[in-house]
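A short write-up of the structure that comes next.
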There are 2 protein chains.
Amino acid sequence: MVASLVGDPARANMLTALMDGRALTASELAQEAGITPQTASSHLAKLDAGGLVELEKQGRHRYYRLTDPDVAGVLEGLAGLAARAGHMRVRTGPKDPALRRARVCYDHLAGDLGVQMLESMKTQRLVRQKKQEIELTAEGERFLERNLQISPDMLAHPRRPVCKACLDWSERRHHLAGTLGAALMTRFADLKWAARDPAPGSRVVNFSRTGEKRFAALFGGGE
Amino acid sequence: MVASLVGDPARANMLTALMDGRALTASELAQEAGITPQTASSHLAKLDAGGLVELEKQGRHRYYRLTDPDVAGVLEGLAGLAARAGHMRVRTGPKDPALRRARVCYDHLAGDLGVQMLESMKTQRLVRQKKQEIELTAEGERFLERNLQISPDMLAHPRRPVCKACLDWSERRHHLAGTLGAALMTRFADLKWAARDPAPGSRVVNFSRTGEKRFAALFGGGE
DNA sequence: TTCATGCTTCGATGATAACCGAAGCATTGG
DNA sequence: CCAATGCTTCGGTTATCATCGAAGCATGAA
């Protein structure tokens with residue numbers, strides 16, 4: 001039964017991580033779900049057998065992605081029912097508050113601050129979001145150029161979109177991915193506003209005192 | 001988590017029994033699922049807490065029904081994914097030919113005739129289908145008004161779409177759900193073209209001689 | 001070749017939850 | 001009032017399955 005596959009918390013976390021359409025490796029998914037690679041391997045085999053994900057081998061890595069948009073649609077529907085029942089899932093797993101506040105998701109900013117940034121960009125009309133699609137407005141381009149020295153041509157990429165909505169692990173709301181999301185993360189690091197935690201394997205992002213201030217000046221007024 | 005509620009076989013069987021929109025008593029559902037009343041009671045309490053079913057007390061009986069069409073929609077989606085993976089539900093005995101030919105799916109027509117109707121509507125350009133989305137054309141509105149006295153304002157509903165593609169478990173093809181699907185089923189009954197089988201618990205729809213003819217005149221030429 | 005990485009399989013453990021018997025409420029009928 | 005029906009709650013048993021340690025296999029790098 002498909003529903004029992006989605007029912008397990010660990011598998012649900014993996015599927016949520018795949019909701020944006022990217023393909024993730026088995027170990028990345030293990031980390032997302034907060035379980036060991038052995039356990040993840042077992043789960044992924046079941047999801048594959050159930051037709052929810054498909055596998056692409058690439059060298060030593062194994063990339064998993066959702067089989068197709070229909071799967072994403074059903075998952076979204078389930079999330080909708082859960083939300084309505086007030087059963088917004090309180091996540092099991094690492095409760096590290098720093099991880100909840102700011103972390104890297106692939107190559108862009110996630111966590112509370114990531115969600116806050118996208119919200120602020122929307123209320124400032126820097127981007128427009130329609131469902132999963134996000135587009136940068138002309139006003140947004142000027143804003144990025146003026147405040148962060150990010151020009152539109154830096155964001156061009158043959159296959160990757162400039163903006164993309166990425167469903168947040170802890171917040172269950174969207175944050176910004178795509179080349180713009182990556183460029184912003186890079187810029188924050190260059191400006192010494194924030195740095196990835198030096199601990200190996202950590203995805204925590206630490207903001208400096210002044211970094212937090214400047215960030216808030218640009219993206220703070222959203223809420 | 002909602003998915004784990006649907007994941008349990010006993011609960012899934014209960015939900016399947018409720019898919020046609022009827023309200024069933026706790027003991028009827030226990031029988032459907034093949035479990036004792038005690039166990040069923042526990043399951044139903046969980047489904048209620050999860051917002052999937054709602055309860056109506058009536059004397060000594062307790063009637064349960066699906067909360068709303070959204071729940072039915074998600075369940076249909078899950079069944080669709082399961083069907084694709086070859087994990088067809090065993091419970092719904094695909095043997096009964098009458099059940100394959102015409103039955104109610106929640107509140108609309110399913111089975112061979114349901115699929116045939118949607119196909120015919122598409123070739124007649126009464127509706128346009130893009131993937132999961134279906135929209136009624138202007139020509140379709142005129143057709144419904146003229147032949148079945150269904151006007152567009154009868155189909156308006158705050159949250160439910162007019163048209164929706166619903167994956168058929170026996171045919172593995174789409175039939176028409178949404179308010180239009182429901183309105184058509186109601187109209188067929190009003191016109192005495194078809195009636196639900198009187199046997200308790202049956203989802204079979206029986207067409208009358210003349211009903212079948214009129215139906216074919218409108219939707220028959222599809223194949 | 002040898003080593004490291006990424007992932008899987010095996011085996012054992014532990015926690016969760018489905019299940020039923022028995023007993024307890026509540027409602028209806030006599 | 002008592003008895004019957006419909007359903008729930010309680011307690012204890014059982015079985016499933018998620019989980020992880022350890023070992024195995026495959027790929028890529030040195």
Side-chain angles (χ1 to χ4, degrees), chain A residues 1-18 22-50 52-65 87 89-95 106 200-203, chain B residues 1-18 22-50 52-65 87 90-91 200-201:
Chain A
M1 183 74 189
V2 174
S4 58
L5 290 177
V6 190
D8 178 78
R11 285 191 292 258
N13 288 333
M14 292 180 171
L15 292 170
T16 310
L18 293 171
R22 284 177 306 158
L24 299 180
T25 66
S27 27
E28 283 171 332
L29 287 168
Q31 204 174 14
E32 282 287 331
I35 53 180
T36 59
Q38 308 95 298
T39 308
S41 176
S42 149
H43 284 313
L44 287 168
K46 286 171 189 168
L47 289 175
D48 189 26
L52 292 181
V53 302
E54 59 187 13
L55 166 64
E56 187 177 340
K57 295 185 190 178
Q58 217 169 88
R60 290 192 288 204
H61 297 277
R62 297 195 158 199
Y63 286 90
Y64 288 90
R65 84 182 76 231
H87 282 202
R89 214 141 54 74
V90 184
R91 256 199 63 83
T92 61
K95 308 168 176 78
Y106 193 53
S202 170
R203 280 168 308 164
Chain B
M1 182 71 179
V2 175
S4 57
L5 290 176
V6 189
D8 179 79
R11 286 192 292 258
N13 288 333
M14 292 181 172
L15 292 170
T16 310
L18 293 171
R22 285 174 309 160
L24 299 180
T25 67
S27 25
E28 284 169 331
L29 288 167
Q31 200 174 10
E32 281 287 329
I35 53 180
T36 60
Q38 308 94 300
T39 308
S41 176
S42 152
H43 284 312
L44 287 169
K46 286 170 190 169
L47 289 175
D48 189 26
L52 291 180
V53 302
E54 59 186 14
L55 167 63
E56 188 177 338
K57 295 185 188 179
Q58 216 170 91
R60 291 191 285 202
H61 297 276
R62 300 197 156 195
Y63 286 90
Y64 289 91
R65 83 182 77 230
H87 285 200
V90 254
R91 258 201 79 70

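Since this is a predicted model, take the numbers as computed values, not measurements. Just the heavy atoms: all of them, side chains too, but no hydrogens, waters or symmetry mates, feed the values below. Residue numbering restarts at 1 for every chain, and letters A, B, ... go by the order of the sequence lines.
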**OP:** Could you check how far CG of L47(A) sits from P of dT8(C), rounded to whole Å?
**Re:** 12 Å

Original post:
Between dT28(C) atom P and K57(B) atom NZ, what is the distance in whole Å?
Top reply: 12 Å

**OP:** Go through dA22(D), dG6(C), dT19(D) for me and flag the one nearest to the D8(A) side chain.
**Re:** dT19(D)

Original post:
Taking the side chain of I35(A) as its heavy atoms from C-beta onward, which of dC7(D), dT19(D), dT8(C) lies nearest to it?
Top reply: dT19(D)

**OP:** Find the distance L5(B):CG to dT16(C):P and express it as a whole number of Å.
**Re:** 17 Å

**OP:** Output the single nucleotide from dT8(D), dG6(C), dC20(D) whose closest atom is nearest the side chain of H61(A).
**Re:** dG6(C)

**OP:** Let me know the distance between CD of E28(B) and C1' of dC7(D), rounded to the nearest Å.
**Re:** 13 Å

Original post:
Is the shortest heavy-atom distance from the side chain of V6(A) to the side chain of L52(A) under 4.5 Å?
Top reply: yes

**OP:** Using a 4.5 Å cut-off on heavy atoms from C-beta on, say whether the side chain of L15(A) contacts that of L5(A).
**Re:** no

Original post:
Can you tell me if the side-chain N/O atoms of R60(B) get under 4.0 Å from OP1 or OP2 in dG29(C)?
Top reply: no

Original post:
Is there side-chain contact between H43(B) and N13(B), with heavy atoms separated by less than 4.5 Å?
Top reply: no

Original post:
Atom CG of L44(B) to atom C1' of dC19(C): distance rounded to whole Å?
Top reply: 15 Å

**OP:** Check every strand shown and say whether Y63(A) touches a base, only sugar-phosphate, or nothing at a heavy-atom separation below 4.0 Å.
**Re:** nothing

Subject >> Side-chain touch L44(A)/L55(A), heavy atoms, less than 4.5 angstrom >> reply: no

Original post:
Is the shortest heavy-atom distance from the side chain of M14(A) to the side chain of I35(A) under 4.5 Å?
Top reply: yes

**OP:** Please work out if A10(B) contacts a base, only the sugar-phosphate, or nothing of the nucleic acid, heavy-atom cut-off 4.0 Å.
**Re:** sugar-phosphate

Original post:
Whole Å only: how far is the CG atom of L55(B) from the P atom of dG6(D)?
Top reply: 16 Å

Original post:
With respect to the side chain of A26(A), which nucleotide from dT8(C), dC20(C), dT8(D) is positioned closest?
Top reply: dT8(C)

**OP:** Check whether any side-chain N or O of T39(A) sits under 4.0 Å from OP1 or OP2 of dC20(D), and answer yes or no.
**Re:** yes

**OP:** Could you tell me whether S42(B) contacts a base, only the sugar-phosphate backbone, or nothing, with contacts defined as non-hydrogen atoms closer than 4.0 Å?
**Re:** nothing

**OP:** Take atom CD of Q38(A) and atom P of dC20(D), then tell me their distance rounded to the nearest Å.
**Re:** 7 Å

Original post:
Which of these nucleotides, dC19(C), dG6(D), dT8(D), is closest to any side-chain atom of H43(B)?
Top reply: dC19(C)

**OP:** Round to a whole Å and report the spacing from CZ of R62(A) to P of dT27(D).
**Re:** 9 Å

Original post:
Of the candidate nucleotides dA18(C), dT9(D), dA18(D), which contains the atom at the shortest distance from the side chain of K46(A)?
Top reply: dA18(D)

**OP:** Using only side-chain N and O atoms of S27(B), determine if any of them is under 4.0 Å from OP1 or OP2 of dG6(D).
**Re:** no

